[in-house]
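Starting from 1, each residue takes its place in the sequence as its number.
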Amino acid sequence: MKRGFEGSDLSENIIEARPGEFFCACCKNGGAECTAEDPEKVDALLKRIKEDQNVHVVFKTAFDDAGARTELYEKTTVAQRKRDLDILRDMGTIPESVRTAKIWAQLMEEFIPNCSKICAPFKEEHPGYKNCSNADKDFYAEGLKSLCPERDKCEKACVKESSCKALADAKEFSIRAHHLMCILCHRGGSAPDSPLIEDNLYEAWLKIVENHDIPVTVIEGPGNCVICPPCYAFNKNTGLCFVSCSLRDRKRDTDVFSILGIQPGDTLPAREIYRRICKHIKNVKGICHFEERRGFEWKNCGQITDTRYIRGREDAIKTFGFTEEEIGD
């Protein structure tokens, strides 16, 4: 089915799989000829993921989230049930959890980079408890790495060029709320005057410096944002970035809107937007950085530090010539 622009296709584009089957699909993708799970189910799962790496996958097991038996209980062995639960435990999740295939793969890359512990857990083998013959090989790791390939480099380069040209010619533009902060982090980084391959932060700042009062529409989400087109995870057809931090970035958008006192779609001069940012957002705490990590999707931004943001904010204050009265410093 076709996903609407920035819309969800969760109700139609979803499949069920056991965690062990997903594991075996990775092995099969890495070149394994045989797997521990039903080959027909593994092949079908792998085929579906290859068709659409953003298909939603709900992990089913012999138990539900309360530990009650499901219909899979009578269809699985103790060893299969153990493997499923071992996988979920290592990823810090539970049965019935839903993520896209791409995000499940990223979770496995972080928490289960090799399969030996999962697929060869038995120090002594007994009938019904045999270690997988693929456990000491590289099939899983290689298959996991190539299961959901990133966007083509040539395509990204072409999009980078065309989107930068469009931005250079624009008399106004739209930008995702939290990317207004990302621009300042780039300004406070080690190479503030160098463009980036994966986004248009540098080029957007140049546009703002060229005209402090250029109309800027602040939007919620990546769909029409001038920053996002070259991103490795951006899909121009859906207007979405398919990354593990998608929900974290949605939250950051709402944080910025509420702090600045504006609504999605509001258009203001760039100078006024950055006056509000410099006045009300003096560091990244509680927006881009938290003291404790709460789950895979809620990790802190890896590129952001208070030092970088503070330097970028100081640069913006100088660039726009903000007075103490304007920003409350």
> Is it true that Glu203 and Lys160 have a side-chain N and a carboxylate O under 4.0 angstrom from each other?
yes
> Determine, step by step, whether Glu110 and Lys299 satisfy the salt bridge (charged side-chain N to carboxylate O under 4.0 Å, His left out) criterion, reporting the C-alpha distance in whole Å, the side-chain angles of both residues, the deciding distance to 0.1 Å, and the verdict.
CA-CA 12 Å; Glu110 177 165 344; Lys299 64 184 77 172; 3.3 Å; yes
> One thing to verify: whether Asp193 and Arg187 come together as a salt bridge, which I'm taking to mean a side-chain N less than 4.0 angstrom from a carboxylate O.
yes
> State whether the side chain of Asp253 and the backbone N or O of Gly221 hold a donor-acceptor pair below 3.5 Å, judged by distance alone.
yes
> Between Asp255 and Lys251, is there a salt bridge with N-O shorter than 4.0 Å?
yes
> Is the shortest side-chain heavy-atom distance between Thr100 and Trp104 below 4.5 Å?
no
> Please confirm whether Lys318 makes a cation-pi placement over Phe320, using NZ or CZ under 6.0 Å from the six-membered ring centre and within 45° of the ring normal.
no
> Starting at NE2 of His178, measure out to SG of Cys182 and round the result to the nearest 0.5 Å.
4.0 Å
> Would you call Lys47 and Glu51 a salt bridge, taking side-chain N to carboxylate O under 4.0 Å as the test?
yes
> Would a single hydrophobic cluster contain both Val98 and Leu72, if residues Ile, Leu, Val, Met, Phe, Trp and Tyr are joined by side-chain heavy-atom contacts under 4.5 Å?
no
> Out of the candidates Glu142, Lys50, Lys145, only one should pair with Asn29 under the side chain to side chain donor-acceptor pair (under 3.5 Å) rule; please name it.
Lys50
> Looking only at atom types and distance, does a side-chain atom of Asp199 sit under 3.5 Å from a main-chain N or O of Ile227, one as donor and one as acceptor?
no
> Could you tell me which non-hydrogen atom of Val226 sits nearest to which non-hydrogen atom of Ala204, and how far apart they are?
CG2-CB, 4.5 Å
> Report yes if some heavy atom in the side chain of Phe257 is under 4.5 Å from a heavy atom in the side chain of Asp266; otherwise report no.
no
> Using side-chain hydrogen bond (donor to acceptor under 3.5 Å, both in side chains), reason through Asp9 and His56 one step at a time and then give a plain yes or no.
CA-CA 9 Å; Asp9 64 354; His56 304 276; 2.8 Å; yes
> Taking Lys28 for the side chain and Thr35 for the main chain, is one N or O donor matched with an acceptor at less than 3.5 Å?
no
> Same cluster or not: are Tyr232 and Val159 linked, directly or through other Ile, Leu, Val, Met, Phe, Trp or Tyr residues, by side-chain heavy atoms under 4.5 angstrom apart?
no
> When rounded to the nearest 0.5 angstrom, what distance separates CZ in Phe296 from SG in Cys245?
9.0 Å
> Are any of the side-chain nitrogens in Arg83 or Glu21 under 4.0 Å away from the carboxylate oxygens of its partner?
no
> Should Glu150 and Lys102 count as an ion pair when the cut-off is N to O under 4.0 Å?
no
> For the CZ atom of Arg313 and the CD1 atom of Ile310, what is their distance to the nearest 0.5 Å?
8.0 Å
> Could you go through Thr323 and Ile327, starting from their C-alpha distance and side-chain angles, then the distance that decides it, and tell me whether this counts as side-chain contact (heavy atoms from CB on, under 4.5 Å)?
CA-CA 7 Å; Thr323 65; Ile327 60 172; over 6 Å; no
> Where the side chain of Arg248 meets the backbone of Trp298, is there a donor-acceptor pair that is under 3.5 Å apart?
no
> So do Val58 and Glu96 actually touch side chain to side chain, heavy atoms under 4.5 Å?
yes
> Between Leu180 and Ile273, is there a side-chain heavy-atom distance shorter than 4.5 Å?
yes
> Are Trp205 and Ile219 connected in a single hydrophobic cluster, I mean Ile/Leu/Val/Met/Phe/Trp/Tyr linked by side-chain heavy atoms less than 4.5 Å apart?
no
> Under a 4.0 Å threshold between the charged nitrogen and the carboxylate oxygen, would Glu155 count as salt-bridged to Arg151?
yes
> Would you confirm whether Gln80, through its side chain, and Thr77, through its main-chain N or O, come within 3.5 Å as a donor-acceptor pair?
yes
> After noting the C-alpha distance and the side-chain angles of Arg252 and Asp249, does the key distance pass the salt bridge (charged side-chain N to carboxylate O under 4.0 Å, His left out) rule?
CA-CA 5 Å; Arg252 291 202 287 176; Asp249 289 346; 2.8 Å; yes
> Would Ile277 and Leu184 count as a side-chain contact (heavy atoms from CB on, under 4.5 Å) if you check the C-alpha gap in whole Å, the side-chain angles of each, and the deciding distance to 0.1 Å?
CA-CA 10 Å; Ile277 288 174; Leu184 296 189; 3.9 Å; yes
> Between atom SG of Cys132 and atom CZ of Phe122, what is the distance when rounded to the nearest 0.5 Å?
11.0 Å
> Would you say the side-chain atoms of Glu220 pair up with the backbone N or O of Thr254, donor to acceptor, closer than 3.5 Å?
no
> NE2/His212 to CD1/Ile214 distance, rounded to the nearest 0.5 angstrom?
11.0 Å
> Contact between Ile118 and Ile112 at the side-chain level, heavy atoms closer than 4.5 Å - yes or no?
yes
> Given salt bridge (charged side-chain N to carboxylate O under 4.0 Å, His left out), test Lys156 with Asp152 step by step and report yes or no.
CA-CA 6 Å; Lys156 285 195 301 181; Asp152 180 73; over 6 Å; no
> So, Arg271 and Asn211: side-chain donor and acceptor under 3.5 Å apart, yes or no?
no
> Answer yes if Ile197 and Phe234 sit in the same cluster of Ile, Leu, Val, Met, Phe, Trp and Tyr residues linked by side chain heavy atoms under 4.5 Å apart, and no otherwise.
no
> Can a donor-acceptor pair be found, under 3.5 Å and without considering hydrogens, that links the side chain of Arg311 to the backbone of Gly188?
yes
> Does the cation-pi check pass for Arg275 over Phe322, that is, NZ or CZ under 6.0 Å from the six-membered ring centre and within 45° of its axis?
no
> Between the side chain of Glu272 and the main-chain N/O of Pro269, is any donor-acceptor distance below 3.5 Å?
no
> Please round to the nearest 0.5 Å and tell me the distance separating atom NZ of Lys117 and atom CD1 of Ile87.
11.5 Å
> With a 4.5 Å cut-off on side-chain heavy atoms, are Phe23 and Val42 touching?
no
> Same hydrophobic cluster for Val55 and Leu147, using side-chain heavy-atom links shorter than 4.5 Å among ILVMFWY?
yes
> Mind checking whether Phe59 and Glu16 have side chains closer than 4.5 Å, heavy atoms only?
no
> Using the rule given for side-chain contact (heavy atoms from CB on, under 4.5 Å), can you reason through Thr307 versus Tyr309, listing the C-alpha separation, both sets of side-chain angles and the distance that settles it, and then say yes or no?
CA-CA 6 Å; Thr307 303; Tyr309 179 81; over 6 Å; no
> I need the single residue from Val256, Ile281, Leu268 that forms a side-chain contact (heavy atoms from CB on, under 4.5 Å) with Arg276. Which is it?
Leu268
> Is there a donor-acceptor contact under 3.5 Å from the side chain of Asn200 to the main chain of Cys228?
no
> For the pair Ser246 (side chain) and Phe242 (backbone), establish whether a donor and an acceptor sit closer than 3.5 Å, ignoring hydrogens and angles.
no
> Locate the shortest heavy-atom distance separating Pro222 from Cys241; write the atom from each residue and the value.
CG-N, 3.8 Å
> Taking side chain as C-beta onward, heavy atoms only, is Ile49 less than 4.5 Å from Phe22?
yes
> For the pair Thr70 and Thr61, evaluate side-chain contact (heavy atoms from CB on, under 4.5 Å) and give the outcome as yes or no after the intermediate values.
CA-CA 7 Å; Thr70 70; Thr61 76; 5.7 Å; no
